[in-house]
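One is the number of the first residue; the rest follow in order along the sequence.
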Amino acid sequence: MPTENESLGGCMLDPIVLTKLKDIVGAENVLTSDDERLSYSYDATPQLEFLPEAVVVPSSTEDVAAILRLANEEEFHVVPRGAGTGLSGGSVPVENSIVLLMNRFNRLIEIDTANLTALVEPGVVTAQLHQAVEAQGLFYPPDPGSMKVSTLGGNVAENAGGLRGLKYGVTKDYVMGLEVVLPTGDVLWTGGKCVKDVAGYNLKQVFVGSEGTLGVFTKILLKLIPKPPAKKTLVAYFRTLADAGATVSAIIAAHIIPATMELLDNVTLRCVEAYAKLGLQTDMEAMLLVEVDGHPAAIAEEAEQILSLCQQQGAVTVSLAQDTQEADRLTAARRSAFAALARARHAAILEDATVPRSELVPMLEAIQRIAQKYDVLIGTFGHAGDGNLHPTALIDPLNHAELHRAEQAFEDIFDAAIALGGTITGEHGVGLAKRKFLPRQVSAPGIELMKKLRAVVDPKGVLNPGKVIEGTVRCESAEEVGLGVRGSPMRH
C-alpha cells in the first residue's frame, strides 16, 4: 500500500522479472516511474484505482504470449488495458500486477468487401473503423458512447452496445473471429469468415464479454453490413416520464424498429443544455430522440408513423430534423449526456440497469422513488428502445454521507431491475464495481460454472484476477490506497 513517504511505493517486482520483461518488449516499453504507473492506475470508473508494479507495452502476439508465460512462471498478475474508458473497473490494476497496455495494436488490417468483414487489431479506435468502412459504403453498427476514444478490443471485452443497439444489436452480433492469447501463453484462433460454422463449441462467444479474464485479443474479425442509404431523426418532449415510456412501447407495438430510440430525463436535459446550449426544452420531464434508417421511401413512412404515435401518447411537441446538421446536433446532445452530467457536480457515478422493454416505465418510476428515498440527485438517460437505462448519481465524493446514500440507492436500483426481470448491467460489464451484485442475478450453479471455466483456462489465476467474480485479490478504492478519491471520471 503506497504512502507519501514511499513516493507511491516504488515498483515491487523482482528486478530479475523486470529484466525479463525488458528482454521481451524492450527496456523503453517497460514503464516503472511514479507518473507512468499513476497514469494507468485507474480507468473511467470513479473511486477505483490501484498502482500497478509496471506498465508493459507489447507490439506483437508473440510479445503478449511471452509475457503471459512469464507471469505463470514468476507468479505475477496481468491486467489488459485498451483506452481505459471502461465504467466497471475492468482494467483497474490489482495487487502484484502489471498493466498490459495494448495501444500499439492499432492496425486496421483488412476491409474485405467480398465477404463484408473487417480484420482489425484491438487498439483500433471504434470511430476510426466507422469512418474507414463507411468510406466504402459499408457499416459497422455498434456505437458506444465513448466510440471516439474507446478501442475495439475493449468493446469486445465488454460486449459494448450503443445508441444503435435496438435495431442492430451489440458487439457480440458482429464478432466473427478472434485471435486470443490464453492466460497460459497459448495462442488460439477461433471463428472465421464463414457465415455458417457450427464445428464444435462456439468459443469466440465465450471470449466476447469476458472482461479480460479469459484471454487477450490480438486480432478481431468483425462482420460489416451495407450502409443504410438514408436516415431521419425526430425529437419529442413529454410532461412525464411515463408518457415517454409509453411512447416507446407504442412504437415497438406498431412493428417499427428504429435504429435509435433514446431517452433523457429532466435532470439530464438541463445538464446537457447548460453544457452544449442546443436549445433543448428544459421545462419538459423527458425527451425522446428517435432515428430511423433504411430506404428513403420506407423511412419517410416510418417517421410519419412515429410522429403520429408520439402525439397520440401525449407529446407536448414533436418535430423532424430538417437537415443532417440539425440531426447531428440532436444526436450530439444525447452523446454528451454523461459528460454534461459529470460536469454538473463534483462527481458522476454512471450505471446501466437494464430491463425488458415492457418494464421500462416501472423501472423509470422505481429510479425516481429510490432517488427521493435516499435524497440523491439522479439523472437518467439511456437506450429506451432496448430497456438499457443509465441512472447517474451526481454527488460530492468528499461528502461521505452522500456517497454512502448513492451506493445504497444503486443497490436498490439493481434489486429493482432484477425484480423486473432485468440485469445489473446491459453493456458496461461487472468488473470490480458490480461483482458483489452478480450472485443476486446469477444462480449459485451459474457462479460455480464461471469459476470452473476460469480455473480451467487460467489455472494459476494470472489474468485480470478479482474481476467479475469476487476473489481474494486486492483492489480498493483510491482513498483506501492513499491516492485520493478522484472527483469525476472525466479528467480535464
Side-chain angles (χ1 to χ4, degrees), residues 1-2 6-43 48-84 86 89-105 122-123 151 153-154 157 180-186 210-218 431-432 454 457-467 471-476 478 481 483:
M1 186 176 297
E6 293 173 321
S7 182
L8 300 186
C11 175
M12 302 298 290
L13 277 183
D14 189 313
I16 295 174
V17 174
L18 278 175
T19 298
K20 291 180 179 180
L21 288 168
K22 291 174 182 178
D23 288 342
I24 294 170
V25 299
E28 70 279 9
N29 295 314
V30 179
L31 314 179
T32 58
S33 75
D34 286 352
D35 287 345
E36 289 164 333
R37 291 188 297 135
L38 185 59
S39 295
Y40 296 99
S41 66
Y42 58 89
D43 62 10
L48 286 175
E49 53 189 337
F50 198 94
L51 278 174
E53 301 300 332
V55 179
V56 181
V57 190
S59 57
S60 69
T61 300
E62 292 74 23
D63 286 353
V64 175
I67 292 165
L68 285 168
R69 287 194 295 268
L70 182 64
N72 280 271
E73 294 167 7
E74 301 291 348
E75 298 186 347
F76 60 87
H77 300 134
V78 177
V79 178
R81 179 189 175 97
S91 62
V92 173
V94 298
E95 63 179 340
N96 189 34
S97 72
I98 65 165
V99 167
L100 189 71
L101 182 59
M102 299 295 290
N103 61 359
R104 288 194 172 185
F105 287 74
T151 56
V180 186
V181 182
L182 300 177
T184 56
D186 295 324
S210 61
E211 301 190 37
T213 64
L214 299 180
V216 179
F217 312 133
T218 49
L432 286 167
R454 286 182 68 169
V457 176
D458 188 3
K460 291 195 174 181
V462 302
L463 191 60
N464 215 12
K467 310 296 174 64
T472 58
V473 176
R474 191 176 81 243
C475 177
E476 299 92 341
V481 299
L483 294 178

(message) Go through it in stages, so that I can follow the logic: the residues are Ile67 and Ile98, the test is side chain to side chain contact (heavy atoms under 4.5 Å, CB included), and I'd like the CA-CA distance, side-chain angles, deciding distance and then a yes or no.
(response) CA-CA 10 Å; Ile67 292 165; Ile98 65 165; 3.9 Å; yes
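- Considering all non-hydrogen atoms of both residues, Leu214 and Arg454 come closest at CD2-CG, 3.7 Å.
- Between Phe105 and Thr151 there is no side-chain heavy-atom pair separated by less than 4.5 Å.
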(request) Kindly indicate, with the supporting measurements, whether the criterion side chain to side chain contact (heavy atoms under 4.5 Å, CB included) is fulfilled by Asp458 and Thr184. (result) CA-CA 6 Å; Asp458 188 3; Thr184 56; 6.0 Å; no
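- Residue Ser91 forms a side chain to side chain contact (heavy atoms under 4.5 Å, CB included) with just one option from Glu211, Arg81, Met102, and that option is Arg81.
- Between the side chain of Ser97 and the backbone N or O of Pro93 there is no donor-acceptor pair closer than 3.5 Å.
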(message) Does Leu432 form a side chain to side chain contact (heavy atoms under 4.5 Å, CB included) with Lys467? I'd like the steps, not just the answer.
(response) CA-CA 5 Å; Leu432 286 167; Lys467 310 296 174 64; 3.5 Å; yes
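- Counting only heavy atoms from C-beta outward, the side chains of Ser59 and Val25 never approach each other to under 4.5 Å.
- Nearest heavy atom pair, residue Gly461 against residue His77, reads O-CD2, 3.4 Å.
- Distance CG/Leu68 to CG/Asp186: 10.0 Å, rounded to 0.5 Å.
- Between the Asn72 side chain and the Pro183 main chain, a donor and an acceptor come within less than 3.5 Å of each other.
- Looking only at side-chain heavy atoms (C-beta outward), Ser41 and Phe50 stay at 4.5 Å or farther from each other.
- Taking every heavy atom of both residues into account, Met12 and Glu53 meet most closely at N-OE1, 2.6 Å.
- Between Val56 and Val99 the shortest side-chain heavy-atom distance does not fall below 4.5 Å.
- Using a 4.5 Å heavy-atom threshold, the side chains of Leu70 and Ile24 count as touching.
- Panel note: side chain Asn96, backbone Glu75; a donor-acceptor pair is recorded below 3.5 Å.
- Heavy atoms only, all atoms of each residue included: Gly185 and Ala65 are closest at O-CB, 3.3 Å.
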(request) Could you walk me through whether Leu463 and Thr213 pass side chain to side chain contact (heavy atoms under 4.5 Å, CB included), step by step? (result) CA-CA 6 Å; Leu463 191 60; Thr213 64; 6.0 Å; no
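- Scored by the side-chain hydrogen bond (donor to acceptor under 3.5 Å, both in side chains) test, Glu74 finds Lys20 as partners (sequence neighbours excluded).
- Within the 4.5 Å cutoff, no side-chain heavy atoms of Val462 are placed close to those of Phe76.
- The distance from atom CG of Asp43 to atom CG of Leu48, rounded to the nearest 0.5 Å, is 7.5 Å.
- Using a distance-only test at 3.5 Å, with no hydrogens or angles considered, a donor-acceptor pair links the side chain of Ser60 to the main chain of Asp63.
- Contact record, Phe217 with Pro122: O-CG, 3.2 Å, taken as the closest heavy-atom pair.
- Looking at Arg37, its side chain never comes within 3.5 Å of a backbone N or O of Ala54 through a donor-acceptor pair.
- Counted by atom type alone, Glu36 and Ser33 present one or more donor-acceptor pairs between their side chains at under 3.5 Å.
- Asn464 places no side-chain N or O within donor-acceptor distance of the main-chain N or O of Val79, the cut-off being under 3.5 Å.
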